[in-house]
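Reviewing the structure listed below.
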Amino acid sequence: MNNNNADTMLQETDRRTLRGELALIAAVLINSFGVVLMLYSGAGISAISSVPFAFSEVFTKISLGTWTYLFQGLLVLTLMILRKKFVPQYLFSFVVGFAFGEFLDVHELWIGILPQTIPCRIVYFVLSYILICIGIALSNRCGLPIIPTDLFPREFSDIIRVGYPKIKITFDVICLTVTACMTGFLLGHLDGLGIGTILAAFTMGKCIGIIGNWMDQRYTFVSVLTQK
């Protein structure tokens, strides 16, 4: 028993300490780029952005970034209803989501300069998949309010006491279903959905868990909200 405690203490001292604030900034930059890059790859948009993407395609006068933070606002409101109380930290999460939406629009302005050959598209999808997984894993550990689309499955998992990977996969599949119904019925064809979207929806939750466990073994995240 004492040996186990000693091993645990040794592992904790071996971890590097990272600022949660920097992790959150990195997550916003990484995820916004990853989402746009996945869409640009032609393999389909990421599940977490598929719903606002569908709205942006159906109601074209509003940009993807604007629909994104409207959708995120709805998620924040839903979490407060589920918790049956006002949660101030969730409001800051909406602010983070607003920044995320703005960066989506910024990346869309320049992403067209990248070549679109088939090998390049494959690289874009693989890179975007990895980036989004890393970004969400960072978000879940930064110790600060995070992007609502990342916050929702994490908090919902805590509310109903079900493992995060299961909730994440379920959330992604529901998002894809909504997107398929909207674009299929209102546009007459599926838009934004591809083999990459489906693959990511059913596997990304598990991949995020693996990357998160790797981070937990090597890093400790502290922020202004960390209790001393």
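FYI, side chains are in, hydrogens and waters are out, and symmetry mates aren't considered; it's all heavy atoms of this structure.
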Do [X] side-chain atoms and [Y] backbone N/O form a donor-acceptor pair below 3.5 Å?
X: Y129; Y: L199; result: no
X: E21; Y: V224; result: yes
X: Q116; Y: Y40; result: yes
X: S157; Y: I167; result: no
X: T60; Y: E57; result: no
X: R141; Y: G212; result: yes
X: S223; Y: L144; result: no

Closest non-hydrogen atom pair, [X] against [Y]:
X: A54; Y: T179; result: CB-CG2, 3.9 Å
X: V58; Y: L186; result: CG1-CD1, 3.8 Å
X: S56; Y: S63; result: CB-C, 4.3 Å
X: S50; Y: C175; result: OG-O, 3.5 Å
X: F221; Y: C142; result: CB-CA, 4.5 Å

Value rounded to 0.5 Å, distance of [atom1] in [X] from [atom2] in [Y]:
X: S93; Y: I146; atom1: OG; atom2: CD1; value: 6.5 Å
X: T203; Y: D172; atom1: OG1; atom2: CG; value: 9.0 Å
X: L22; Y: L138; atom1: CG; atom2: CG; value: 10.5 Å
X: I132; Y: I211; atom1: CD1; atom2: CD1; value: 11.0 Å
X: L151; Y: F156; atom1: CG; atom2: CZ; value: 12.5 Å

Is there a path of hydrophobic side-chain contacts, each under 4.5 Å between heavy atoms, that joins [X] and [Y]?
X: F202; Y: V126; result: no
X: I130; Y: V28; result: yes
X: W67; Y: L109; result: no
X: L91; Y: L82; result: yes
X: Y164; Y: V162; result: yes

Checking D150, T149, V36 against N31 for side-chain contact (heavy atoms from CB on, under 4.5 Å), the one that qualifies is D150
Less than 4.0 angstrom from a charged side-chain N to a carboxylate O is my criterion; do R154 and D158 meet it? no
Greater than 12 external heavy atoms within 6.0 Å of [X]'s [atom1]:
X: I81; atom1: CD1; answer: yes
X: F103; atom1: CZ; answer: no
X: F86; atom1: CZ; answer: yes

* Asked: Would you say the ring centroid of F152 lies under 6.0 angstrom from that of F171?
  -> yes
